[in-house]
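Down below is the structure, laid out as structure tokens.
Order of appearance sets the numbers: ligands from 1, and atoms from 1 within every ligand.
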Amino acid sequence: KEPIFTKKGEKNTVFNVPQHFLRNRYQSIGVDLQDRFSADAGEQVTINDIKPPNLTNVLQLKRDENFTLFLPKHNKIATELTTLYLRAKNLDEFQSLAAYTRERVNPYLFNYCMCVAILHRKDTRDMDIPSLIETFPDKYVDSQVFAKAREEVNIVPEGSRTPIEIPVDYTASNLEDEHRVAYWTEDLGLNAHHWHWHLVYPFSGPMEVVNKDRRGELFYYFHHQVMARYNMERMCNKLKRVRRLVNFREPIPEAYFPKLDSLVANRSYPGRPAGMTLQDVNREQDQWKIDIKDMETAIARIYEAIHSGFYRDTNNRMQPLTEFGGIDILGNLVEASILSANPAYYGNWHNFGHATLSVIHDPDLRHLESFGAIGDPATSMRDPVFYSMHAMVNDMFVEYKSTLPRYTVAQLGYDGVTVTKISLQSQNSPENQFSTFWQQSDVDMSRGLDFQPRGPVFVRFTHLQHQPFNYVINVNNTGAARQGTCRIFLGPQFDERGNPWLLVDQRNLMVEMDRFAVNLTPGQNVITRASTSSAVTIPFERTFRNVDTNRPTGGPGLEQFNFCGCGWPQHLLVFKGTPEGYPCQLFVMISNIADDRVNQSTEGTCNDAAVYCGIRDRLYPDRRSMGYPFDRSPRDGVTTLQQFLTPNMRVQNVSIVHQNRTIRPRARN
Ligand code: CUO
């Protein structure tokens, strides 16, 4: 695999590494290892010698094992290695450590710890880290691709290779209802985003990495939005909202066969047939022991805290879950992160849920089988059971939020500000209509393939896409010039029965599309906002980094990736819709800036996808509770969205029309 420290625009870098950095298995018998880049090298970097670190614990994870933070043994190892990288005194020492460890430690572990360190060291914040899709394509694409790729690079000269196409339906057939949303659950960008979110907000590791502003609340909000978006995709495909995995003793109907092979472990990710039942995990070799009973106890205690409004701290004192801070406490406690207010009492049921489900096929390791897709944030969103389990997680937060005081008209309104019209203008579509279709794009996997000869190998995948659009919002301001925060949500118009919603249910499906500050002049204002500016998403190129369908083969695209790589994929901003048009409600609100504003400078930071990702080294850039104004139950007397509106809000009926056509990539030279 290519070195991680590749500077912008350089194809290859050769490292001159002190002899003892490399294993001397071959040198000792007089064999000179080939230089992978030879004359192609663009730059030679000399690595300083260092005192070799003690890797005794880190090497407990073998090079050919799969790696997951849900396994406590791996978790400890990752924390140790990340800490080692973070403590390196300067960039030179960090680089030496990277070179020394890269050759020895498990590649997944190395990549994870290195990425966390690069994201969190002050001296590496401008450094690129490669997209995981490029580094470990085995976590994202059908394993059959790799045999084809091998054939391609061995037979076809560079420049004449054609992309290897991943079929749209390869993990299941239409006999499986859940497969109707596989285009979304198996989307490369979606899974890369989930991995990236957890890279920026890990639940464990060195405290300085984990302890970020409102991270517990953001755990709630990001996953709440994932669930809302997933349910919207389901409803567009005539599926009902996902069920909750409430009872851990009952057979689990969701099945999944990922068709992924780990190139590091040289093993397949195990599948799970329908009807399996969770069992206690006792995998001694992994030092992995989980009792279902403990998960149930944790859940009961968490609900008790939610309903009483108090949680028990480590000194056995009852502490209030406060109106604004309670959700942050609860987020860390439910996940559970190392910031949990009382891990011994409230347990770790969400992480254990991922873990027990991931080894449901071999809970005592009698078959020596590794974990399944749900056991790794890079792959977990592919598995339908992810959503039934996270529906349970989400239910806890929704239940908690429903205990909070309702927003009053004063808390929702903005005196003198009236939204008079909303219009959605999408290219080549009638007003108030989104248009979606399929698009094919190519991604170069060659970084992640360790065979010669090198050169780009593209896979071509099919993903959802929409026509770019603008929101045009008319606002009347009877006051002086001032600012506001424009909040845009999109939700369904009817439930599965075709009935209009009660807001108490609809609010859980309100998907945040954008949030931005607006300047209001006295009188009439027209605000135009492009879909590509969304503060929820990042552009396609940044999700995939190397994808540029117009670029000649070869040479990585080198857009900045690190923190800036966190963001919902722009190509999934809009739900799929239906051929006849899926009826939705577009909601716009201009909230009072006095209660929104966080005084801080965000210049020079990645702040363009802050809604789900926050801003690096800064406070979350909105003082309101995340999800405002839909995070709480509606005030008394309000049952519908229309009744909920104050003059600074407005709703427009819109529809999402899906055309079953595919845009193919532009030809490469
Ligand atoms: Cu993101 Cu369970 O937290 O997967």
(request) Could you pull out the atom name of the N/O/S atom in His223 that is nearest atom 1 (Cu) of ligand 1? (result) NE2

(request) Using 2.8 Å as a strict upper limit, say whether an N, O or S atom of His198 approaches atom 1 (Cu) of ligand 1 that closely. (result) yes

(message) For Glu284, is the CD atom crowded, meaning more than 12 foreign heavy atoms sit under 6.0 Å from it?
(response) no

(message) Testing Thr436, Thr537, Asp187 one by one against His571 for a side chain to side chain donor-acceptor pair (under 3.5 Å), which residue passes?
(response) Asp187

(request) Pick one of side chain, backbone, both or neither for how His194 approaches ligand 1, counting any non-hydrogen atom pair under 4.0 Å. (result) side chain

(message) If you compare all heavy atoms of Leu86 against all heavy atoms of His120, which two are closest, and at what distance to 0.1 Å?
(response) CD2-CB, 4.1 Å

(request) Start with the C-alpha gap between Asp622 and Arg214, add the side-chain angles, then the distance that decides, and say whether salt bridge (Lys or Arg N to Asp or Glu O under 4.0 Å) holds. (result) CA-CA 11 Å; Asp622 182 2; Arg214 296 168 74 180; over 6 Å; no

(message) Suppose we only allow N, O or S atoms; which atom of His350 ends up nearest to atom 2 (Cu) of ligand 1?
(response) NE2

(request) Report, in ascending order of atom number, the atoms of ligand 1 lying under 4.0 Å from any heavy atom of Phe386. (result) 4 (O)

(message) Are there over 12 heavy-atom neighbours, none belonging to Lys76, within less than 6.0 Å of that residue's NZ?
(response) no

(message) Contact between ligand 1 and Phe219 is defined here as a heavy atom of the residue under 4.0 Å from a ligand atom; is it met?
(response) yes

